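Just so it is clear, the model here is predicted, and its values are computed rather than measured.
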Amino acid sequence: MWQALLLAFLAGVLAANAYPHFAKGITAQRFPTVFGSSPVVNVLAGWSGLALAALCLWGAHPVRHPGGALLGLAVGALPMSLFHATGRTIGARD
């Protein structure tokens with residue numbers, strides 16, 4: 001069960017971080033990443049993050065541990081969402 005919680009937590013962190021990059025990239029907007037801020041870089045970073053999140057969630061076996069997977073996702077997504085919401089991202093400006 002602890003592996004399911006840990007993998008789902010990681011999936012939540014990765015998905016919450018990947019979403020803004022993917023969204024900015026597909027709308028051709030610049031957004032800072034460690035690899036640059038072009039829209040193409042953001043699409044690739046966002047897509048990679050979403051793919052890794054999906055793999056982590058798959059490894060968490062959400063069918064066997066639905067409560068643990070949901071809890072891990074929620075607890076993992078919250079700090080990363082707050083990180084982005086407060087503008088603490090690399091290269092972010094007020």
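- Between the CD1 atom in I26 and the NE2 atom in H21 there is a gap of 13.5 Å [rounded to 0.5 Å].
- Of all non-hydrogen atoms in G25 and V43, the two that sit nearest each other are C-CG2, 3.3 Å.
- Residue L57 holds its CG atom at 14.0 Å from CZ of F9, rounded to the nearest 0.5 Å.
- Linking Ile, Leu, Val, Met, Phe, Trp and Tyr residues whenever their side-chain heavy atoms come within less than 4.5 Å leaves F83 and Y19 in two separate clusters.
- A pairwise comparison of heavy atoms in A18 and G46 identifies CB-O, 3.3 Å as the closest pair.
- When every heavy atom of P79 is checked against every heavy atom of G76, the shortest pair comes out as CD-O, 3.5 Å.
- When the side chains of ILVMFWY residues are joined at heavy-atom separations under 4.5 Å, either directly or via intervening members, M1 and L7 end up in two distinct hydrophobic clusters.
- Here the shortest heavy-atom pairing between F22 and W47 reads CD1-N, 3.8 Å.
- When every heavy atom of A16 is checked against every heavy atom of A77, the shortest pair comes out as CB-O, 3.7 Å.
- Using modelled atom types, no side-chain atom of N17 and backbone atom of V13 make a donor-acceptor pair closer than 3.5 Å.
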Quick one: side chains of residues 61-70, donor-acceptor pairs under 3.5 Å with protein atoms, not counting sequence neighbours, listed by atom name and distance.
residue, atom, partner, partner atom, Å
H61, ND1, R64, NH2, 3.3

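- With contacts defined as side-chain heavy-atom distances shorter than 4.5 Å, the pair S38/R30 qualifies.
- Side chain of N42 to main chain of F31: a donor-acceptor pair is present (N/O by atom type, distance under 3.5 Å, no hydrogens or angles).
- For the pair A11 and C56, the tightest heavy-atom approach, listed with the atom from each and the gap, is CB-CB, 3.9 Å.
- With values rounded to the nearest 0.5 angstrom, L5 atom CG is found 12.5 Å from L10 atom CG.
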